[in-house]
Protein chains: 2
Amino acid sequence: MPSPIRLLLIDDHAVMRAGLANMLNANPAFRVIAGADDGANGLALFREHRPDVTLLDVSMPGVSGIECLHLLRAEFPDARVLMLSSSDAEEDIVQALEAGACGYVTKTARPAELTAAIIAAHAGERVISPALERRLAERASGSTLTAREIEVLHLLRKGMTNPDIGRLLGISPRTAKAHVAAILEKLEATDRTEAVTRAFERGLLKV
Amino acid sequence: MPSPIRLLLIDDHAVMRAGLANMLNANPAFRVIAGADDGANGLALFREHRPDVTLLDVSMPGVSGIECLHLLRAEFPDARVLMLSSSDAEEDIVQALEAGACGYVTKTARPAELTAAIIAAHAGERVISPALERRLAERASGSTLTAREIEVLHLLRKGMTNPDIGRLLGISPRTAKAHVAAILEKLEATDRTEAVTRAFERGLLKV
DNA sequence: GCGGTCATTGGCCAACTGGCCAATGGCGGA
DNA sequence: TCCGCCATTGGCCAGTTGGCCAATGACCGC
């Protein structure tokens, strides 16, 4: 038998880490060599252990999963990272794949799917669960917010008025209004309140 | 040694269930006797196995964790249920405890905390992790929305105007406005958009 | 270099918003 | 029974909103 695939787990849920470690170590094909509860630690442990595959949780306090992925890939372009997520927000998925993740598995996946995904990731393949592909397709039909619009969106959620936004961004209230209008259209919302709701639903905004 | 505590796991995350089962079964004090991925199945399995302690995930599709808890306690008032959650939204916690949960553990808790909580729950004690108690204290200072206000909140998130809300609820736009005003004050928001954001943050609204 | 996207700004207007005042009827707990 | 909370509604007003029209300069990829 070939030597086991060496795994690094990065997830702020200690219970999940312990559970995953137990489960994966029970399979001789894998060996969990380290676990981190945060992106920064994860990065440090990666440098130290150079795992074959890293399982990275998307949502973490501090350095988020996506940020961590960016940092990791910047430093180790051939790192094999499999994103693990409890959310199926399209935004996360798209960002993860764009940032070079080898795959994206939701925690609702059956254990066998996870092990299969790990093996595939180790082999350098890209794996995405079927349910996620459907979501990606949806995405294609939807529009993407520009950086500026995202910025405005974050002010919107705080209840800022167009004049407020203008002041904060150093632009005219008119322009703020134009951005808001663009946001409304792209998110298919009738007003800023619904826009914020939809942004939460799409994962553009996080709780 | 006493006989192991018989556990039922209800969590829509199969990976988490498998991981937890592996981890807990490794401890002779516990025995995981069944796992469900959904409230309805969980209830059925409870009837069948009558576990000593049930670990119940808060957020699940279909019958939510809180609903499941209600149903479970209605049928088996002395069921020992430990809520397990990835969210630390105060609303969930409060609702869970009010619905009769023996405890509330977030998935970021260390495994030892979880096992301690299970043992405590089995003994009929109530356990809440320290971090959560702090949140509950916060809650005390905050105000609670009335049923009507919650109803209005759900319309607000959809981007409805006061006239819209009035029409839908069969009341005057003035009254809708009064409810919105009450919501704004209670959520400490300056406008409906911020109110929706805060509602998401507090767990009053779910994605 | 040209066309496309993006950020920027202007005017006009009907509608909606949130704040402030005040009042009534119902229902449940002390 | 009385108090307090809740749902209900009204008027008034300055401020904000979103829709519609149109325009400019910057930057990017083909």
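The basis for the numbers below is simple: all heavy atoms, side chains too, and nothing from hydrogens, waters or symmetry mates. Chain identifiers are assigned alphabetically (A, B, ...) following the order of the sequence lines, protein sequences preceding nucleic acid strands; residue numbering begins at 1 within each chain.
Listed by chain and number, the residues in a salt bridge (charged side-chain N to carboxylate O under 4.0 Å, His left out) with A:Arg80 amount to none (sequence neighbours excluded). With sequence neighbours left out, the side-chain contact (heavy atoms from CB on, under 4.5 Å) criterion links A:Glu188 to A:Arg198, A:Arg202.
Within residues 191-199 of chain A, the residues that place at least one heavy atom under 4.0 Å from DNA chain D are, in residue-number order, A:Asp191, A:Arg192. Scanning residues 147-169 of chain B for heavy-atom distances under 4.0 Å to DNA chain C yields B:Thr161, B:Asn162, B:Pro163.
When the nearest nucleotides of DNA chain D are assigned to A:Arg174 and B:Thr175 by heavy-atom distance, the more 5′-ward of the two goes with B:Thr175.
Looking at every heavy atom in both residues, B:Ile171 comes nearest to B:Arg148 through CG2-NH2, 3.5 Å. Listed here is the closest heavy atom pair of B:Phe200 and B:Leu205: CD2-O, 3.6 Å.
Just one of B:Val58, B:Thr106, B:Leu114 meets the side chain to side chain contact (heavy atoms under 4.5 Å, CB included) condition when paired with B:Leu84; it is B:Leu114.
Within 4.0 Å of B:Thr146, counting heavy atoms only, lie sugar-phosphate atoms of the nucleic acid but no base atom. Residue-level contact check: A:Ala178 touches the bases, meaning some heavy atom is under 4.0 Å from a base atom. Residue-level contact check: B:Ser172 touches the backbone only, with heavy atoms under 4.0 Å from sugar-phosphate atoms and none from bases.
More than 12 heavy atoms of other residues, nucleotides or ligands shown are found within 6.0 angstrom of CZ on A:Arg47.
Salt-bridge annotation for B:Asp57 and B:Lys107: present, with a side-chain N of the basic residue lying under 4.0 Å from a carboxylate O of the acidic one. Ion pairing between a basic and an acidic side chain is recognised when a charged N comes within 4.0 Å of a carboxylate O; B:Arg157 and A:Glu194 show no such pairing.
No side-chain donor-acceptor contact under 3.5 Å links A:Asn162 and A:Arg167.
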Determine, for nucleotides 24-30 of chain C in 5'-to-3' order, which nucleotides have protein heavy atoms under 4.0 Å from the base (write B), from only the sugar-phosphate (write S), or from neither (write -).
-> -------
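For DNA chain D, the outermost nucleotides in 5' to 3' order that have an atom under 4.0 Å from a heavy atom of chain A are D:dT16 to D:dG19.
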Can A:Leu69 and A:Leu56 be said to form a side chain to side chain contact (heavy atoms under 4.5 Å, CB included), step by step?
-> CA-CA 8 Å; A:Leu69 175 57; A:Leu56 177 54; 4.0 Å; yes
